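Just so we're clear, the structure is a prediction, and the values are computed from it rather than from any experiment.
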Amino acid sequence: GGVLIEDGLGSMMFFFIMDFFMVFLNSFFVMGLQRLARQLQNPFSSDFEDVAVLRDIISEIMSVRRILAASRPEVDHTEELKMEEQQPALGHGFAHAGGQLRPDFA
């Protein structure tokens with residue numbers, strides 16, 4: 001088989017190029033992080049990537065106003081009483097349609 005990197009000057013040149021590339025890539029990465037940090041330094045300004053605080057506050061105020069303006073629903077108390085009568089007793093939630101408990105829950 002062929003050898004990718006030969007001993008001697010070829011291998012030294014390969015590692016020199018790889019080292020240079022890694023230093024360049026690392027520097028590029030650090031400069032990008034610094035730029036991102038500068039953009040996020042003031043999260044409450046009017047830039048595109050900043051937090052839209054005013055929009056969120058207005059949305060919450062509108063939600064609260066909608067809740068406060070809602071009217072109470074009409075409640076049919078007889079229907080509520082029927083539902084309460086049909087509800088199984090506490091601990092009898094495993095009863096089948098006939099109302100009998102299964103033997104392992106008795």
Side-chain angles (χ1 to χ4, degrees):
V3 177
L4 182 63
I5 300 173
E6 295 180 10
D7 292 330
L9 187 61
S11 66
M12 285 179 29
M13 186 60 94
F14 173 77
F15 287 116
F16 175 75
I17 292 171
M18 286 305 294
D19 288 344
F20 178 76
F21 178 72
M22 292 304 290
V23 168
F24 174 76
L25 192 63
N26 195 7
S27 301
F28 190 72
F29 179 72
V30 169
M31 287 187 301
L33 282 178
Q34 286 178 342
R35 184 173 179 179
L36 179 64
R38 266 187 256 116
Q39 290 290 329
L40 297 177
Q41 190 173 14
N42 186 7
F44 302 113
S45 66
S46 60
D47 293 341
F48 177 72
E49 65 274 343
D50 291 335
V51 178
V53 178
L54 188 57
R55 184 195 68 204
D56 293 340
I57 291 173
I58 290 172
S59 173
E60 290 299 319
I61 289 173
M62 290 174 62
S63 297
V64 169
R65 284 184 179 170
R66 213 174 307 131
I67 291 171
L68 292 175
S71 61
R72 296 183 67 155
E74 293 293 326
V75 179
D76 183 9
H77 295 290
T78 57
E79 189 66 32
E80 291 285 332
L81 291 173
K82 286 181 194 176
M83 288 173 58
E84 184 180 356
E85 289 172 2
Q86 293 173 355
Q87 183 177 4
L90 187 62
H92 293 85
F94 295 101
H96 50 78
Q100 301 294 321
L101 287 176
R102 292 192 333 221
D104 54 338
F105 289 108

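Scanning for side-chain contact (heavy atoms from CB on, under 4.5 Å) contacts around I57 gives V53, I61, with sequence neighbours left out. Applying the side-chain contact (heavy atoms from CB on, under 4.5 Å) rule to V23 yields the partners S27; only residues at least two apart in sequence or on another chain are considered. Remark: L36 pairs with L40 by the side-chain contact (heavy atoms from CB on, under 4.5 Å) rule, at least two apart or across chains.
With M18 as reference, F14 is the one residue of F20, F16, F14 to meet the side-chain contact (heavy atoms from CB on, under 4.5 Å) rule.
Side-chain N or O atoms of S63 include one that pairs as donor or acceptor with a backbone N or O of S59 at under 3.5 Å.
V64 belongs to a hydrophobic cluster with L68, counting contacts under 4.5 Å between side-chain heavy atoms of Ile, Leu, Val, Met, Phe, Trp and Tyr, direct or through other members. Here L33 sits in one hydrophobic cluster together with F29; the rule is ILVMFWY side chains under 4.5 Å apart, joined directly or through other members. M22 belongs to a hydrophobic cluster with F21, L25, counting contacts under 4.5 Å between side-chain heavy atoms of Ile, Leu, Val, Met, Phe, Trp and Tyr, direct or through other members.
The NE2 atom of H77 sits 8.0 Å away from atom CD of E80, with the distance rounded to the nearest 0.5 Å. One finds the CD atom of E85 at 9.0 Å from the NZ atom of K82 (value rounded to the nearest 0.5 Å).
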